[in-house]
Amino acid sequence: MLDQGGPISRAASDKKLDRYMAAFDRYGLGRWAVEGRDRGFLGYAGIMPGREDHPLGPHFEIGWRLARSAWGHGYATEAARAALHDAFERVG
């Protein structure tokens with residue numbers, strides 16, 4: 001898996017997925033896979049709780065990691081809007 005800073009190991013990727021699944025179980029939201037019209041994987045996006053030791057204190061943030069080939073096509077904007085809508089409408 002590629003991530004900010006370059007490729008990460010399978011163990012690090014699994015740990016990240018576990019964190020995303022735990023956030024969904026606890027808060028009802030998390031990161032989503034982003035796919036193109038051809039259903040090819042482009043990256044991920046969504047809302048996650050901030051780190052517990054973050055200087056801002058408890059908060060949630062929208063984030064995304066997209067393949068460079070997906071940049072400039074509106075995927076991050078579309079995903080951020082969908083995540084906000086989901087957070088406010090479904091999760092509350």
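Quick caveat: nothing in here was measured; it's all calculated off a predicted structure. Every heavy atom of this structure was used, including side-chain atoms; hydrogens, water molecules and symmetry mates were not.
Residues Met21 and Phe24 are not in side-chain contact: their nearest non-hydrogen atoms beyond the backbone lie 4.5 Å or more apart.
One hydrophobic cluster, built from ILVMFWY side chains closer than 4.5 Å, cannot hold both Val34 and Phe41; they sit in different ones. Linking ILVMFWY side-chain heavy atoms closer than 4.5 Å, directly or via other members, places Leu56 and Phe60 in two distinct hydrophobic clusters.
At most 12 heavy atoms of other shown residues, nucleotides or ligands fall within 6.0 angstrom of atom CD in Glu78. Heavy atoms from other residues, nucleotides or ligands lying under 6.0 Å from CZ of Arg90 number more than 12.
If you run ring-ring contact (aromatic ring centres under 6.0 Å, His included) between Tyr44 and each of Trp32, Tyr20, Trp64, only Tyr20 comes through.
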Where do Arg31 and Arg65 land on the side-chain contact (heavy atoms from CB on, under 4.5 Å) test, with the steps shown first?
CA-CA 10 Å; Arg31 299 282 196 240; Arg65 297 285 186 270; over 6 Å; no
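We find the CG-CZ distance between Leu42 and Arg37 to be 11.5 Å, quoted to the nearest 0.5 Å. Rounding to the nearest 0.5 Å gives a distance of 7.0 Å between CG of Leu29 and CG of Asp86.
Of all the heavy atoms in Gly46 and Ala83, the pair that sits closest is CA-CB, 4.1 Å. What you find for Met48 and Gly30 is that their closest heavy atoms are SD-CA, 3.8 Å. When all heavy atoms of Ile47 and Ile62 are compared, the pair lying nearest together is CG1-CG1, 3.7 Å.
Not a single donor-acceptor pair under 3.5 Å links the side chain of His73 to the backbone N or O of Tyr75.
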